[in-house]
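Here the structure is a predicted model, which is why all the values come from computation and not from measurement. For the numbers below, each heavy atom of this structure counts, side chains included, while hydrogens, waters and symmetry mates do not. Whatever order the structure lists them in is the order used to number ligands and atoms, beginning at 1.
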Amino acid sequence: MAPVPMRRPGRAASMADLALPAWATGLPHHLPPGLLAPGAMAVAATELRMRAAFTDTPPASSRLPFSYQAIPGPLRRLLANGIGRLQRLRQAQWARYPGWPLDLSADIAADLAGSPGVTFARTPVLLTHDIDSPEGLRNLHRMFLPLEEAVGARSANYIVPCAWPVDDAVVQDLLARGHEVGVHGYDHANRTAFAEPTEREARLAAGHAFAQRHGGAGYRAPSLLRTRALIEALQPLYRYDSSIPTSGGAFPVPNNGCASARPWRFGRMWELPLSMPRDGSLRFLGHSPTGIGALWREVALRIAASGGIVNLLTHCEAGFSGNPPMLAAYRGFLEWAAADARFELMLPIELVNRLDRDWPPAA
Ligand SMILES: [Zn+2]
C-alpha cells in the first residue's frame with residue numbers, strides 16, 4: 001500500500017509528512033524529500049545503502065610508509081583520544097550521512113517501497129571481535145570467551161593472519177569450544193583495499209590460506225577500509241563479509257556506512273552490516289563504559305524493532321574492551337540480550353547458513 005501523505009498547512013510535503021513505518025518513529029533519517037512512487041523509492045533505498053558504503057579515499061594511516069601499528073599502542077591511543085574528543089564536538093561534520101549512532105534510512109526507504117529485503121521477526125545478535133594483536137588473542141581466550149559461554153553464546157573472531165605469529169593452539173581451542181574464526185585482512189597496514197590488483201590478490205590469497213586452515217568463511221577489513229574492488233575480490237573467497245558499518249561515524253573516514261542493518265548480497269557473498277556502534281569509536285569519543293552499555297542496549301532495541309541484525313564488534317586489547325569496566329559493560333549486554341526472547345544469539349556463519357537456505361541466490 002502506498003504511504004498516505006499528511007500535509008501540514010503552509011508546508012511543502014516532505015518525508016516527515018509521510019506515514020513512516022512505526023519502528024522508524026523518532027529516528028533521524030535522510031530520505032529524499034517529497035513523495036516517491038514505490039519503484040522510485042526502491043531505487044532510493046539502494047542509493048541510500050550504497051551512497052557511503054565504500055571508503056574510496058584512503059585515510060592518512062593507509063598512506064604512511066610504515067604500518068601505523070608500529071606506533072606504540074599507548075601513544076596511538078593518546079593521539080586517537082585527543083582527536084576523538086575534538087571529533088565529538090564536530091559530530092555535525094562527520095555524521096552528516098549516515099547519522100550517528102544509528103541511521104536506518106535505507107531500511108525505512110525499503111519498507112516504504114514495499115520491498116523490505118531480508119528481515120527478521122526474532123533479531124539475530126552477532127558477537128564479533130577483531131583480533132589485532134597477540135594481546136587481543138590472549139585476552140579473548142582468557143576474558144571474553146568465558147563471559148560469552150556463561151550465557152550460552154559463541155563469538156566470531158577475525159584474526160590478523162600475517163602480522164604476528166598466531167598461537168594455533170589457542171585458535172584450535174576456541175574452534176573446539178564452538179566459536180568461529182575469520183580473517184582480518186593481511187597485516188593490518190590498511191593497504192589491501194587500495195592496493196594494485198596484483199598486490200591485493202597476493203594479500204588476499206595469504207589471508208585466505210589462513211581461513212582454509214581454520215575453516216573460516218568470513219572476512220572483516222582492517223579499520224573497516226573497503227572499496228568496491230576489495231568487495232569484488234572477496235566474493236570468490238568468502239561466504240560473507242562484515243566490513244561495512246551501518247553508521248560508521250568518524251572512523252575510518254567521516255560520513256561512512258550503509259544506513260541499513262539488514263543483510264544483502266554482493267553476488268553470492270552475503271554482507272552482514274556492522275550495525276552497532278563500535279567500542280573503539282565510542283571510547284575515542286569519550287563515552288564511559290556504563291554509557292556505552294546503555295547505548296548498546298538502546299541501539300539494539302531500535303534495530304530489533306526495524307527487523308535488522310545486531311552485529312557488535314568489540315576489540316579484546318586492554319585499551320579497548322579488555323579491561324574490567326568495559327568487560328562489565330559487555331557482560332551486562334550479553335546477559336541482557338540472552339534473557340530477552342526478542343533476541344537470538346548466534347554465530348555469523350549460522351546466520352549465513354540460514355540466509356542461504358531462506359534466501360537462495362537468483363538463478
Ligand atoms: Zn583491526
Side-chain angles (χ1 to χ4, degrees), residues 55 58-64 66-77 79-81 83-84 126-141 143-144 155-167 170-171 174 179-195 203-204 206-207 210-211 214 216 218-227 230-231 234 238 240-245 248-253 256-257 272-274 276-284 311-323 326 330 348:
T55 59
S61 63
S62 66
R63 295 193 302 264
L64 297 175
F66 53 88
S67 168
Y68 83 104
Q69 293 218 319
I71 303 171
L75 176 60
R76 202 164 70 228
R77 280 192 288 276
L79 283 170
N81 264 311
I83 293 166
L126 314 179
L127 307 169
T128 75
H129 307 291
D130 291 356
I131 306 298
D132 289 351
S133 65
E135 182 208 344
L137 188 59
R138 276 196 309 276
N139 289 358
L140 167 72
H141 195 241
M143 303 171 180
F144 288 74
S155 59
N157 299 282
Y158 307 99
I159 301 175
V160 177
C162 301
W164 36 274
V166 176
D167 188 337
V170 174
V171 175
L174 70 93
H179 299 270
E180 181 180 339
V181 167
V183 174
H184 193 37
Y186 172 74
D187 63 353
H188 218 301
N190 291 347
R191 293 166 48 85
T192 306
F194 309 103
R203 294 169 77 91
L204 289 179
F210 179 87
H214 299 296
Y219 187 86
R220 164 82 45 77
S223 305
L224 307 187
L225 290 166
R226 69 280 172 188
T227 53
L230 172 69
I231 293 289
L234 292 174
Y238 293 97
Y240 75 90
D241 172 68
S242 183
S243 304
I244 305 184
F251 305 100
V253 296
N256 82 97
L272 305 181
L274 194 35
M276 295 281 282
R278 287 167 278 153
D279 62 346
S281 302
L282 294 168
R283 301 219 64 191
F284 289 153
N311 188 354
L312 178 66
L313 162 60
T314 44
H315 296 78
C316 303
E317 285 82 6
F320 289 91
S321 292
N323 58 75
M326 280 301 292
Y330 184 60

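Nearest to the Zn ion (ligand 1), among the N, O or S atoms that H188 has, is NE2. Of all the N, O or S atoms in H184, the one closest to the Zn ion (ligand 1) is NE2. The atom of D132 that is an N, O or S and sits closest to the Zn ion (ligand 1) is OD1.
Below 30°, between 30° and 60°, or above 60°: for F144 and H129 the angle between ring planes is above 60°, a perpendicular geometry. Note on ring orientation: taking the six-membered ring where Trp is involved, the planes of Y158 and Y240 are perpendicular (angle over 60°, cut-offs 30° and 60°).
Look at D130 and the Zn ion (ligand 1): no N/O/S atom of the residue is under 2.8 Å from the metal. Inclusion of H315 in the first shell of the Zn ion (ligand 1) is not supported: no N, O or S atom falls under 2.8 Å.
Side-chain contact between M326 and R283: present, with at least one pair of heavy atoms (C-beta onward) separated by less than 4.5 Å.
For D187 and R203, the salt-bridge test passes: some basic side-chain N is under 4.0 Å from an acidic carboxylate O.
By the salt bridge (Lys or Arg N to Asp or Glu O under 4.0 Å) test, R226 pairs with no residue at all, sequence neighbours left out.
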